[in-house]
Amino acid sequence: MTAIATRPETEQRGGTTPPARRRDSERLFNRVALGTLIALALLWLVPLAWALATSVRPAQEVVTNPTGWFTAHPTLDAYGEIFDAGKLPYWYANSFITSILTTVLTVIMASLAAFALSQTRFRLRRAAFVMLLAGIMIPGQVLMIPQFLALQSAGLLNTYWGVVLPQVPNVVAVFVFKQFFDGIPRELIDAARADGAGWLRTYWQIVMPISRPAVSAVTIFVFVGVWNNFLWPLLVVTDPEMMTLPVGLTSVQDVFGVPYAQLMASAVLGAIPLLAVFALFQRRIVEGIAGTGLK
Amino acid sequence: MATTTAPSSTSSRGDRWAGPGMLLPFALFYLVFLVGPLIYTVVAGFFETSLLKSGLGDFAGLTNYKEVLGDAEFWRTLRNTLWFTVLTTVPLVLLSLALAVLADRFVRGRWFFRFAFFAPFVLPSAVISLLFMFIYADQLGLAQEAVKWFGVETPPSWLGDPDWAMISIAAATVWWTIGFNFVLYLAGLQDVPREVHEAAAIDGAGPWQRIRHVVVPMLGRTTTLVTVLQIIASLKVFDQIYMMTSGGPDGSTRPSLQLIYDTGFVEGRVGYASTVSLLLFLVILFVSLVWFALVRRAEKEN
């Protein structure tokens with residue numbers, strides 16, 4: 001608890017000689033605030049901690065005492081059983097492949113479109129922009145039937161492309177890029193153009209290299225979004241070897257019935273990759289949300 | 001948008017097509033997967049389209065609309081959806097605001113709060129559902145155990161009681177997604193100038209008064225954004241309900257999106273499901289337009 005310091009400003013305010021009573025009330029308020037926050041944060045961590053604790057308990061113990069926290073005989077049996085029974089390695093691989101494919105396609109196409117809207121001038125540019133803007137208001141889930149029919153007639157059910165393609169037109173990604181490109185100094189682009197670089201080359205060699213914040217924000221969001229998507233892969237994938245992790249995990253339940261150690265082990269295995277991404281890119285993720293407000 | 005002058009006088013023929021050409025790949029995807037399906041949904045609502053037969057099927061005029069609007073199940077799922085939206089939006093706005101305002105006071109512990117509140121947000125809904133099905137399980141779940149500590153002798157069946165099921169799912173959703181709003185508020189707080197804070201302190205305002213009269217009012221725009229994004233997201237609820245209760249018990253948690261899923265994909269009644277889709281779309285569109293109107297007005301006032 002001592003590791004948590006108040007904002008320096010709060011302390012320095014003492015420099016303007018405030019009455020001692022106010023400084024006391026300030027300190028009391030900070031203490032109450034910190035206590036409340038820590039209590040809530042711990043409460044927030046309970047489900048995660050419990051899942052982890054349950055997953056390493058022997059199945060027998062979970063049956064006799066389901067709400068216990070600790071075990072004298074920690075075991076990784078539940079994890080082993082999950083790996084043997086399910087198709088977990090497939091699901092991990094499928095989730096990685098579909099998430100990466102979608103992310104790469106989205107980053108390229110959305111940034112190209114945003115570059116065209118931000119830096120080039122052509123007729124109907126405004127109209128195209130307004131039309132894209134309208135797309136933000138179309139909730140994708142509502143369009144699942146026609147999207148499904150289109151992919152079915154194209155023979156793309158149970159394929160990676162079936163999972164990937166409908167997730168590529170991400171209008172918010174275009175806006176993130178456009179907002180970033182709008183802030184690039186005009187002179188930089190003009191100089192490149194004056195040197196004889198074509199638009200495509202200006203985009204690829206001048207603009208994209210300095211747009212890493214926008215690229216990483218979009219990358220993380222698209223990746224996490226595709227990785228976690230449930231409804232869409234549930235519709236287009238029925239083959240257990242083609243399932244993504246979220247869809248596959250729900251089928252674990254049917255395999256095991258109620259054994260909670262296995263369920264918690266699969267929950268932990270489903271959580272690990274994203275918690276790792278989160279731990280690595282915490283700052284970027286938070287900045288990405290803060291800058292764009294996408295959900 | 002500021003109008004900038006044309007890049008240079010060297011606009012050759014290739015130049016004129018550069019913009020549209022670079023826009024084209026995205027525009028194609030946009031047309032094929034968003035605009036096309038939207039048009040199809042509007043059209044299919046006027047036909048007896050079935051998943052089992054190809055083509056649109058017989059023209060039905062307004063039959064689907066009449067049927068949907070007269071269907072008690074449609075209204076019930078809409079009511080369930082709105083109930084879920086209320087149950088989640090209120091705490092997800094107010095609690096995340098409170099947490100962010102408090103956390104903003106502490107610099108060095110912030111990574112811990114950010115981790116505790118935000119980490120659940122990146123988890124797949126499948127993980128959340130598995131976890132909370134265990135927490136809410138009868139006899140052996142943590143939630144029943146917890147209320148027993150507080151002296152409740154016969155805790156409710158959290159997911160099995162129609163009166164409690166939606167509340168339980170909403171509580172899990174609040175736990176899962178609050179970090180997103182929390183972070184939006186933390187970002188909004190960065191824009192509150194320190195001087196304003198300090199001036200209020202010098203004027204003798206205590207911490208609580210400063211929060212109420214200075215900080216919260218300055219977060220007005222963030223609050224509008226958070227509220228509307230939350231309402232739109234909640235109206236589209238599907239995953240966690242489908243996995244935790246599949247709409248039960250007795251349909252008490254079945255949301256509109258599940259009605260679309262069930263009638264469209266399970267029963268194969270595409271025309272009917274399209275009509276429901278369009279009506280849900282109109283509800284969401286209405287919320288979005290109100291948002292844009294509010295933002296417009298707020299911007300004019302500034």
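The chains referred to below are lettered A, B, ... by the order of the sequence lines, with proteins before strands, and numbering in each begins at 1.
Chosen from A/S153, A/A116, A/P166, the residue pairing most often with chain B at heavy-atom distances under 4.5 Å is A/P166. Here B/L131 is the residue among B/I284, B/L131, B/I39, B/T222 with the most heavy-atom pairs under 4.5 Å with chain A. Contact count against chain B (heavy-atom pairs under 4.5 Å) is highest for A/F148 among A/Y203, A/W227, A/F148. Contact tally against chain A (heavy-atom pairs below 4.5 Å) for B/D239, B/L285, B/L99, B/L257: the top residue is B/D239. For chain B, the option among A/P273, A/G270, A/A267 with the highest count of heavy-atom pairs below 4.5 Å is A/A267. In terms of heavy-atom pairs under 4.5 Å with chain B, the best-connected choice from A/I108, A/T120, A/L112 is A/L112. Among the candidates A/L275, A/V142, A/L43, the residue making the largest number of heavy-atom pairs closer than 4.5 Å to chain B is A/V142. In terms of heavy-atom pairs under 4.5 angstrom with chain B, the leader among A/A113, A/G225, A/G198 is A/A113. Ranking B/T49, B/T41, B/I135 against chain A, the residue ahead of the rest is B/I135, based on heavy-atom pairs under 4.5 Å.
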Check: A/L143 and B/Y40: side-chain contact (heavy atoms from CB on, under 4.5 Å), yes or no, with the steps?
Finding: CA-CA 9 Å; A/L143 303 178; B/Y40 181 91; over 6 Å; no
Next item on the list: Report the C-alpha distance between A/V224 and B/F121 in whole Å, list the side-chain angles of each, state the deciding distance to 0.1 Å, and finish with yes or no for side-chain contact (heavy atoms from CB on, under 4.5 Å).
Entry: CA-CA 10 Å; A/V224 171; B/F121 179 73; over 6 Å; no
Next item on the list: Please step through side-chain contact (heavy atoms from CB on, under 4.5 Å) for the pair B/M22 and A/W199, ending with a clear verdict.
Entry: CA-CA 9 Å; B/M22 294 168 97; A/W199 281 115; 4.2 Å; yes
Next item on the list: Give the intermediate values and the outcome of side-chain contact (heavy atoms from CB on, under 4.5 Å) for residues B/V32 and A/L165.
Entry: CA-CA 10 Å; B/V32 171; A/L165 295 180; over 6 Å; no
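Scanning all heavy atoms of the two residues, the minimum distance from B/L102 to A/A33 falls at CD2-CB, 3.7 Å. Closest approach of A/I138 and B/F281 over heavy atoms only: CA-CE1, 3.8 Å. In this structure, B/S274 and A/I145 approach most closely via the heavy-atom pair N-CD1, 4.5 Å. The two residues B/F113 and A/L34 have their closest heavy-atom pair at CZ-CD1, 4.1 Å.
Residues B/V35 and A/M131 form a side-chain contact, since some pair of their non-hydrogen atoms from C-beta on lies under 4.5 Å apart. Using a 4.5 Å cut-off on side-chain heavy atoms (C-beta onward), A/L37 and B/F112 make no contact. B/F33 places none of its side-chain heavy atoms less than 4.5 Å from the side chain of A/Q167. Using a 4.5 Å cut-off on side-chain heavy atoms (C-beta onward), A/M109 and B/F29 make contact. The shortest side-chain heavy-atom distance between B/P124 and A/L274 falls under the 4.5 Å cut-off.
The contact between A/L132 and chain B is made by backbone and side chain atoms together, counting heavy-atom distances below 4.5 Å. For A/M264, the part lying near chain B is the side chain, with the backbone staying farther off; criterion is any non-hydrogen pair under 4.5 Å. Within the 4.5 angstrom heavy-atom criterion, no atom of A/L105 approaches chain B. Within the 4.5 angstrom heavy-atom criterion, no atom of B/I232 approaches chain A. For chain B, no part of A/T106 is nearby; none of its heavy atoms comes within less than 4.5 Å. Proximity to chain B is absent for every atom of A/A150, based on heavy atoms less than 4.5 angstrom apart. In this structure, chain B has heavy atoms under 4.5 Å from both the backbone and the side chain of A/V171. With a 4.5 Å cut-off on non-hydrogen atoms, B/L95 touches chain A through its side chain but not through its backbone. In this structure, no portion of B/L235 lies under 4.5 Å from any heavy atom of chain A. Proximity to chain B is absent for every atom of A/A114, based on heavy atoms less than 4.5 angstrom apart. Contacts between B/I211 and chain A at a heavy-atom distance below 4.5 Å involve the side chain alone, from C-beta outward. For A/V268, no part sits under 4.5 Å from any heavy atom of chain B, backbone or side chain. Heavy-atom distances place no part of A/I189 under 4.5 Å from chain B, backbone and side chain included.
In this pair, B/Y242 and A/F230 present their aromatic rings tilted. The plane angle is within the 30 to 60° band. Ring pair A/W50/B/F134 is parallel by interplanar angle, where below 30° counts as parallel and above 60° as perpendicular.
In terms of modelled atom types and a separation under 3.5 Å, the side chain of A/N228 and the main chain of B/V122 share a donor-acceptor contact. Distance alone, capped at 3.5 Å, is enough to place a donor-acceptor pair between the B/W175 side chain and the A/W44 backbone. With hydrogens and angles disregarded, a donor-acceptor distance shorter than 3.5 Å links the side chain of B/Y30 to the backbone of A/G135.
Rounded to the nearest 0.5 Å, atoms OG (B/S277) and CD (A/Q141) are 11.0 Å apart. To the nearest 0.5 Å, atom CG of residue A/L48 and atom CG of residue B/L123 are 6.5 Å apart. Atom CG of residue A/L231 and atom NZ of residue B/K236 lie 11.5 Å apart, to the nearest 0.5 angstrom.
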